[in-house]
K.L.:
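Submitted below is the structure of interest, expressed as structure tokens.
Quick note: residue numbers are just sequence positions, from 1.
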Amino acid sequence: MQTDGMSNFDFRQIYSRGITGKGITAAVLDTGIYPHGDFLKPVNRIRCFHDFVNGRREAYDDNGHGTHVSGIIASAGTLADGIGIGVAPEASIAALKVLDRSGSGKMASMIRAIDWLLYHYEEYGIRIVNISVGTPVKDMRNPENDMMVRKVEELWDAGLIVVVAAGNEGPNQYTITSPGVSRKVITVGAREEHTYIRRGKKQEVRYSGCGPVPGTCVCKPDVVAPGSHILSCDNQAGKYKRRSGTSMATPVVSGVIALLLSAEPWLTNLDIKVRLMKTSLDCGEPKNRQGWGVLNPAGLFGLK
């Protein structure tokens with residue numbers, strides 16, 4: 001994976017210790033997965049595929065978003081210079097298609113996928129659930145009553161590490177999307193890198209959802225990670241594409257968690273959350289924008 005915003009993330013020291021995400025499976029609830037060569041070589045790491053939209057059996061992605069997200073987590077990369085390599089290049093993906101070709105989805109599809117996970121996560125060795133999907137909070141007074149919030153908390157209570165996007169509705173307060181408003185899951189915002197020139201001055205594009213969670217004292221997001229110009233697999237053979245958003249920042253965190261679990265598989269979801277809290281770096285933003293701060297992979301592993 002290469003990106004303008006990932007220049008401070010060097011995983012080579014982690015990889016040199018044999019920590020690559022091997023043995024860890026992340027479920028990705030998204031638009032599906034294209035069987036890109038980066039998931040198939042040297043071995044097939046698409047652990048399973050289930051289509052809750054069209055009922056097809058063979059892995060596919062008619063949008064590309066899910067393939068991109070999965071690639072950020074676990075692409076092995078195919079080019080000599082490392083273009084396209086994911087954060088955890090030997091992790092596996094359980095792809096659950098819950099969004100259609102336009103990137104839209106129905107609540108029923110999400111619920112069916114989550115219920116499937118609750119029954120099958122042990123069978124496929126799933127430890128992480130990545131949800132780069134969100135919807136506006138409907139009940140601003142009681143966001144914890146949202147159906148998606150209740151369902152992702154079932155996953156968390158089952159011991160899974162649920163990593164959810166903060167949404168792209170920022171930068172105002174109370175713009176975290178559901179299910180990112182859940183107090184239990186790990187909610188990821190983007191450390192934006194988009195800039196433009198206005199009246200001769202360089203200005204930064206602000207889109208990442210910001211807390212606090214309405215009707216509560218919960219401050220979200222929990223952590224931020226690079227989310228701009230992320231290069232990852234596209235839904236065409238041998239192709240890569242750059243995308244931006246909290247959808248891209250979320251799998252960066254999921255990939256780092258996969259690395260951590262492959263080194264310390266006994267860690268619980270609460271252990272992971274505490275480790276993130278203690279090691280993330282203050283990036284000088286208000287707490288309702290950065291949470292604990294920016295993801296610090298080296299710090300998670302006790303490296304300098």
K.L.:
Looking at every heavy atom in both Thr177 and Gly134, which two are closest together, and how far apart are they?
P.N.:
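Closest pair (atom of Thr177, atom of Gly134, distance): OG1-CA, 3.7 Å.
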
K.L.:
Go through the steps to decide whether Glu153 and Ser182 satisfy the test side-chain hydrogen bond (donor to acceptor under 3.5 Å, both in side chains), and finish with yes or no.
P.N.:
CA-CA 7 Å; Glu153 289 185 352; Ser182 164; 2.8 Å; yes

K.L.:
Enumerate the ring pair (Phe, Tyr, Trp, His ring centres under 6.0 Å) contacts for residues 256-301, please, sequence neighbours excluded, ordered by first and then second residue.
P.N.:
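Sorted result for residues 256-301: empty, none.
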
K.L.:
Report the C-alpha separation of Leu260 and Ile272 in whole Å, then their side-chain angles, then the decisive distance to 0.1 Å, and conclude whether the side-chain contact (heavy atoms from CB on, under 4.5 Å) test is met.
P.N.:
CA-CA 9 Å; Leu260 189 56; Ile272 296 288; 3.6 Å; yes

K.L.:
As an exercise, state the distance from CG of Leu96 to OG of Ser109, rounded to the nearest 0.5 Å.
P.N.:
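Reported to 0.5 Å precision, the distance equals 11.5 Å.
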
K.L.:
Is there a donor-acceptor contact under 3.5 Å from the side chain of Arg47 to the main chain of Ala94?
P.N.:
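No, the answer is negative, given that no donor and acceptor are paired below the 3.5 Å cut-off.
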
K.L.:
Can you name the residues that form a salt bridge (Lys or Arg N to Asp or Glu O under 4.0 Å) with Asp222, not counting sequence neighbours?
P.N.:
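Salt bridge (Lys or Arg N to Asp or Glu O under 4.0 Å) check on Asp222 returns Lys220.
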
K.L.:
To the closest 0.5 Å, what do you measure between OG (Ser104) and CG (Leu99)?
P.N.:
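It comes to 7.5 Å.
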
K.L.:
Looking at Ser132 and Asn130, what are the two nearest heavy atoms and their distance?
P.N.:
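Heavy atoms only, the tightest pair is OG-ND2, 3.0 Å.
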
K.L.:
Hey, could you give me each pair passing salt bridge (charged side-chain N to carboxylate O under 4.0 Å, His left out) that has a residue in residues 255-270? Not counting sequence neighbours.
P.N.:
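Every salt bridge (charged side-chain N to carboxylate O under 4.0 Å, His left out) pair that includes a residue of residues 255-270, provided the two are not neighbours, is Glu264-Arg275.
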
K.L.:
Nearest 0.5 angstrom please: Ile72 CD1 to Ser254 OG, how far?
P.N.:
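These two atoms lie 10.0 Å from each other.
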
K.L.:
Would the distance check show the side chain of Tyr34 and the main-chain N or O of Ala237 forming a donor-acceptor pair, the cut-off being under 3.5 Å?
P.N.:
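A pair under 3.5 Å: yes.
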
K.L.:
Output every pair passing salt bridge (charged side-chain N to carboxylate O under 4.0 Å, His left out) with a member in residues 120-133, not counting sequence neighbours, ordered by first then second residue.
P.N.:
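Every pair satisfying salt bridge (charged side-chain N to carboxylate O under 4.0 Å, His left out) with a residue in residues 120-133: there are none.
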
K.L.:
Check the side chains of Ser75 and His36 for a donor-acceptor pair under 3.5 angstrom, ignoring hydrogens and angles.
P.N.:
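Side chains of His36 and Ser75: no pair found under 3.5 Å.
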
K.L.:
Any salt bridge between Lys151 and Glu154, counting N to O under 4.0 Å?
P.N.:
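Salt bridge between Lys151 and Glu154, a charged N being under 4.0 Å from a carboxylate O: yes.
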
K.L.:
Are a donor atom and an acceptor atom from the side chains of Asn235 and Tyr60 found within less than 3.5 Å of each other?
P.N.:
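The answer is no; no qualifying pair exists.
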
K.L.:
Give the intermediate values and the outcome of side-chain hydrogen bond (donor to acceptor under 3.5 Å, both in side chains) for residues Asp38 and Tyr240.
P.N.:
CA-CA 10 Å; Asp38 285 9; Tyr240 301 91; 2.8 Å; yes

K.L.:
What are the two closest non-hydrogen atoms of Ala165 and Ser247, and how far apart are they?
P.N.:
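That closest heavy-atom pairing would be CB-N, 4.4 Å.
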
K.L.:
Does any N or O in the side chain of Glu169 come within less than 3.5 Å of the main-chain N or O of Ser208, such that one atom is a donor and the other an acceptor?
P.N.:
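It does not hold such a pair.
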
K.L.:
How would you list, by chain and number, every residue that makes a salt bridge (Lys or Arg N to Asp or Glu O under 4.0 Å) with Asp271, sequence neighbours excluded?
P.N.:
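For Asp271 there are no salt bridge (Lys or Arg N to Asp or Glu O under 4.0 Å) partners, ignoring immediate neighbours.
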
K.L.:
If we ignore hydrogens and angles and just use 3.5 Å, is the side chain of Ser232 paired with the main-chain N or O of His68 as donor and acceptor?
P.N.:
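It does hold such a pair.
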
K.L.:
Does Ser16 reach the main-chain N or O of Gln13 with its side chain, forming a donor-acceptor pair under 3.5 Å?
P.N.:
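Flag set: sc Ser16 to bb Gln13 pair under 3.5 Å.
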
K.L.:
Let me confirm one number: the CH2-OG1 distance from Trp156 to Thr268, rounded to the nearest 0.5 Å.
P.N.:
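Interatomic distance, Trp156 CH2 to Thr268 OG1, rounded to 0.5 Å: 8.0 Å.
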
K.L.:
Please assess Gln173 against Asn288 for the test side-chain contact (heavy atoms from CB on, under 4.5 Å), listing each intermediate value before the final yes or no.
P.N.:
CA-CA 8 Å; Gln173 291 184 326; Asn288 75 316; 3.6 Å; yes

K.L.:
side-chain contact (heavy atoms from CB on, under 4.5 Å) for Ile33 and Ile93? Distances and angles first, verdict last.
P.N.:
CA-CA 9 Å; Ile33 190 168; Ile93 298 294; 4.0 Å; yes

K.L.:
Taking the side chain from Thr31 and the backbone from Gly66, do they hold a donor-acceptor pair closer than 3.5 Å?
P.N.:
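A pair under 3.5 Å: yes.
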
K.L.:
Show every salt bridge (charged side-chain N to carboxylate O under 4.0 Å, His left out) that has at least one partner inside residues 87-112, sequence neighbours left out.
P.N.:
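Residue pairs with at least one partner in residues 87-112: Asp62-Lys97.
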
K.L.:
Just by distance, with hydrogens left out, do Thr279 and Asn296 show a side-chain donor and acceptor under 3.5 Å apart?
P.N.:
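No, no side-chain donor-acceptor contact under 3.5 Å.
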
K.L.:
With sequence neighbours left out, write down each residue that passes side-chain hydrogen bond (donor to acceptor under 3.5 Å, both in side chains) with Asp282, or none if nothing qualifies.
P.N.:
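In terms of side-chain hydrogen bond (donor to acceptor under 3.5 Å, both in side chains), with neighbours along the sequence ignored, Asp282 is linked to Gln290.
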
K.L.:
Measure up the His50 and Tyr124 rings against each other and bin them: parallel (under 30°), tilted (30 to 60°), perpendicular (over 60°).
P.N.:
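Aromatic pair His50/Tyr124 classed perpendicular.
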
K.L.:
Just by distance, do the side chain of Ser244 and the backbone of His229 share a donor-acceptor pair under 3.5 Å?
P.N.:
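Here the side-chain-to-backbone pair exists.
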
K.L.:
Strictly by salt bridge (charged side-chain N to carboxylate O under 4.0 Å, His left out), give each pair with a member in residues 230-239 just once, sequence neighbours left out.
P.N.:
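Residue pairs with at least one partner in residues 230-239: there are none.
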
K.L.:
Any side-chain to backbone donor/acceptor pair from Asp61 onto Thr67? Under 3.5 Å, distance only.
P.N.:
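Checked: pair present.
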
K.L.:
Test Leu261 against Ile161 for side-chain contact (heavy atoms from CB on, under 4.5 Å), laying out the working first.
P.N.:
CA-CA 10 Å; Leu261 286 174; Ile161 302 154; 3.5 Å; yes

K.L.:
So which residues get pulled into Val224's cluster when ILVMFWY side chains under 4.5 Å apart are joined, directly or through others?
P.N.:
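Same cluster as Val224: Leu281, Val294.
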
K.L.:
Please name all residues satisfying side-chain hydrogen bond (donor to acceptor under 3.5 Å, both in side chains) with Asn168, sequence neighbours left out, ordered by chain then number.
P.N.:
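Per chain and number, Asn168 pairs via side-chain hydrogen bond (donor to acceptor under 3.5 Å, both in side chains) with Thr246.
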
K.L.:
Kindly write out the residues that satisfy salt bridge (Lys or Arg N to Asp or Glu O under 4.0 Å) with Asp157, not counting sequence neighbours, or none if the list is empty.
P.N.:
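Applying salt bridge (Lys or Arg N to Asp or Glu O under 4.0 Å) to Asp157 gives Lys184.
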
K.L.:
Considering residues at least two apart in sequence or located in another chain, which fulfil the salt bridge (Lys or Arg N to Asp or Glu O under 4.0 Å) criterion with Arg57?
P.N.:
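In terms of salt bridge (Lys or Arg N to Asp or Glu O under 4.0 Å), with neighbours along the sequence ignored, Arg57 is linked to no residue.
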
K.L.:
Verify, without hydrogens or angle tests, whether Ser262 (side chain) and Leu259 (backbone) share a donor-acceptor contact under 3.5 angstrom.
P.N.:
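Yes; at least one donor-acceptor contact below 3.5 Å.
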
K.L.:
Is it the case that the side chain of Asp51 and the backbone of Val53 share a donor-acceptor pair, with hydrogens and angles ignored and the cut-off at 3.5 Å?
P.N.:
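Between the backbone of Val53 and the side chain of Asp51 there is a qualifying donor-acceptor contact (under 3.5 Å).
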
K.L.:
Given Ile131, which of Val164, Val185, Val28, Val163 fulfils the side chain to side chain contact (heavy atoms under 4.5 Å, CB included) condition?
P.N.:
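Answer to the side chain to side chain contact (heavy atoms under 4.5 Å, CB included) test with Ile131 among Val164, Val185, Val28, Val163: Val164.
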
